[in-house]
Amino acid sequence: MTGTGGTPDATGTAGAGAGGGAIGVLVVDDDFMVARVHRAFVERVEPFRVVGVAGTGGEALAAVGELHPDLVLLDLYLPDVFGLEVIPRLRAAGHDCDVMVISAAREADAVRGAVRQGVVDYLLKPFEFEDLRVRLERYALQRGRLLGTVVRSQADVDRVLAGAAPGAAALALPKGMSVETAELVERTLREADGTLSASECAALTGVSRVSARRYLEYFHTVGTAEVSLRYGVAGRPERRYRYRGAVTGLALPPAARP
């Protein structure tokens with residue numbers, strides 16, 4: 001194991017998701033520096049807590065059996081097996097943890113295979129903190145909805161299935177985001193002539209650059225906006241956003257639309 005993989009975390013408690021409202025996460029990546037970054041990202045998002053780190057498929061299987069995480073962040077390029085082979089082994093062993101793929105694998109076969117295996121999300125490397133945060137918040141929202149569902153009729157079943165469908169994050173905003181601000185940012189993006197940066201969006205809406213960036217990244221995640229990179233003379237490339245419309249539904253609840 002690398003890091004804390006296969007052993008309880010610093011608090012001495014394995015399986016954080018078993019109680020207390022925390023969502024326990026196992027980070028699986030063969031690069032210990034990358035795993036360290038991913039761990040730091042996860043632990044910045046409530047209510048997630050990293051319970052372990054593993055560097056191979058075999059270590060991941062052992063860690064899940066010992067730590068019982070709620071969510072596994074799974075790299076695909078592992079030294080012993082291809083990452084997707086880990087998922088059926090988890091199921092065969094009786095583990096029902098969710099899996100989010102985090103990988104540089106861009107092949108269509110890898111993406112299709114991940115979907116067939118029932119992963120909750122697929123995030124391409126390299127990525128920034130906001131990219132992961134939006135997906136974790138969406139996962140937490142959906143997980144809470146599933147855990148709290150009481151099925152009394154077909155309508156209840158339909159609501160659960162609709163919530164699990166792609167684009168379902170559009171039905172509810174992540175914690176800390178308001179419908180009013182989301183509506184303002186989306187309208188500004190929709191009416192822009194071309195692309196907008198987070199700074200430009202902030203200037204047009206009056207919100208902070210950090211807030212503008214978070215809302216823009218949310219719209220990118222749910223498919224309402226597309227992102228391109230503009231390279232300058234020096235420094236990091238600038239992320240620019242273009243409105244593309246919702247893919248599977250409105251980005252905001254219908255009642256909030258202007």
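- Val185 has its side chain within reach of Phe219: a pair of non-hydrogen atoms, C-beta onward, lies under 4.5 Å apart.
- Between Val101 and Ala114 the shortest heavy-atom distance is CG2-CB, 4.2 Å.
- With sequence neighbours excluded, the residues satisfying side-chain hydrogen bond (donor to acceptor under 3.5 Å, both in side chains) with Ser208 are Ser211.
- In this structure the side chain of Leu71 never reaches within 4.5 angstrom of the side chain of Leu26, judged on heavy atoms.
- In this structure, Asp131 pairs ionically with Arg239, as a charged nitrogen and a carboxylate oxygen lie closer than 4.0 Å.
- The side-chain heavy atoms of Arg138 and Val120, taken from C-beta on, include no pair separated by under 4.5 Å.
- To the nearest 0.5 Å, atoms CD (Glu137) and OH (Tyr218) are separated by 10.5 Å.
- Clustering ILVMFWY residues whenever any of their side-chain heavy atoms sit less than 4.5 angstrom apart, transitively, puts Leu136 in the very cluster that holds Val37.
- Between Leu124 and Ser103 there is no side-chain heavy-atom pair separated by less than 4.5 Å.
- The pair Asp70-Arg143 meets the salt-bridge criterion, with a side-chain N (NZ, NE, NH1 or NH2) lying under 4.0 Å from an Asp/Glu carboxylate O.
- The hydrophobic clustering, which links ILVMFWY residues whose side-chain heavy atoms are closer than 4.5 Å, places Val179 and Val207 apart.
- Asp75 contributes no side-chain N or O that, together with a main-chain N or O of Gly83, makes up a donor-acceptor pair within less than 3.5 Å.
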N/O donor-acceptor pairs under 3.5 Å from side chains in residues 104-112, not counting sequence neighbours:
| unit_1 | atom_1 | unit_2 | atom_2 | d |
| --- | --- | --- | --- | --- |
| Arg106 | NH1 | Ala104 | O | 3.2 |
| Arg106 | NH1 | Lys125 | O | 3.4 |
| Arg106 | NH2 | Lys125 | O | 3.0 |
| Glu107 | OE1 | Tyr77 | OH | 3.4 |
| Glu107 | OE2 | Tyr77 | OH | 3.2 |
| Asp109 | OD1 | Arg112 | NH2 | 2.3 |

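- Between the CD atom of Glu191 and the CG atom of Leu204 there is a distance of 10.0 Å, given to the nearest 0.5 Å.
- One finds the CG atom of Leu132 at 6.5 Å from the CG atom of Leu73 (value rounded to the nearest 0.5 Å).
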Requested in this report: Using the side-chain contact (heavy atoms from CB on, under 4.5 Å) rule, take Arg135 and Leu123 through it: C-alpha gap first, then chi angles, then the decisive distance, then the call.
Outcome: CA-CA 9 Å; Arg135 285 165 172 79; Leu123 179 59; 3.7 Å; yes

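- In plain terms, the two heavy atoms of His220 and Glu226 that are nearest each other are ND1-CA, 4.3 Å.
- Heavy atoms only, all atoms of each residue included: Ala202 and Ala212 are closest at N-CB, 3.9 Å.
- Residues Thr56 and Val81 have side chains not in contact (no heavy-atom distance under 4.5 Å, counting atoms from C-beta outward).
- Counting heavy atoms from C-beta on, the side chains of Leu189 and Cys201 never come closer than 4.5 Å.
- When all heavy atoms of Ala198 and Tyr241 are compared, the closest pair comes out as N-CE1, 4.4 Å.
- For the pair Glu128 and Arg213, the salt-bridge criterion is met [side-chain N within less than 4.0 Å of a carboxylate O].
- With hydrogens and angles disregarded, a donor-acceptor distance shorter than 3.5 Å links the side chain of Tyr215 to the backbone of Ser178.
- For the atom pair OG1 (Thr205) and CD (Glu183), the distance works out to 13.0 Å, reported to the nearest 0.5 Å.
- Taking the six-membered ring where the residue is Trp, the centroids of His38 and Phe127 are separated by under 6.0 Å.
- Hydrophobic cluster membership is shared by Val86 and Tyr122, with clusters built from Ile, Leu, Val, Met, Phe, Trp and Tyr side chains linked at under 4.5 angstrom.
- Shortest non-hydrogen contact noted between Asp30 and Leu78 is N-CD2, 4.3 Å.
- Under the 4.5 Å side-chain criterion, counting only non-hydrogen atoms from C-beta, Glu43 is not in contact with Phe48.
- Asp98 and Tyr139 share a side-chain donor-acceptor pair at under 3.5 Å.
- The backbone N or O of His95 lies less than 3.5 Å from a partner atom in the side chain of Arg91, making a donor-acceptor pair.
- The closest side-chain heavy-atom distance from Val27 to Leu74 is not below 4.5 Å.
- For Arg240 (side chain) and Thr195 (main-chain N/O), a donor-acceptor pair under 3.5 Å exists by modelled atom type.
- A donor-acceptor pair under 3.5 Å is formed between the side chain of Glu59 and the backbone N or O of Gly55.
- Taking CD from Glu66 and CG from Leu61, the interatomic distance works out to 13.0 Å, rounded to the nearest 0.5 Å.
- Note that CD of Glu200 is 10.5 Å distant from CG of Leu216, once rounded to the nearest 0.5 Å.
- Ala225 approaches Arg244 most closely through the heavy-atom pair N-CG, 3.7 Å.
- A salt bridge is absent between Glu217 and Arg133; no separation between the charged side-chain nitrogens and carboxylate oxygens falls under 4.0 Å.
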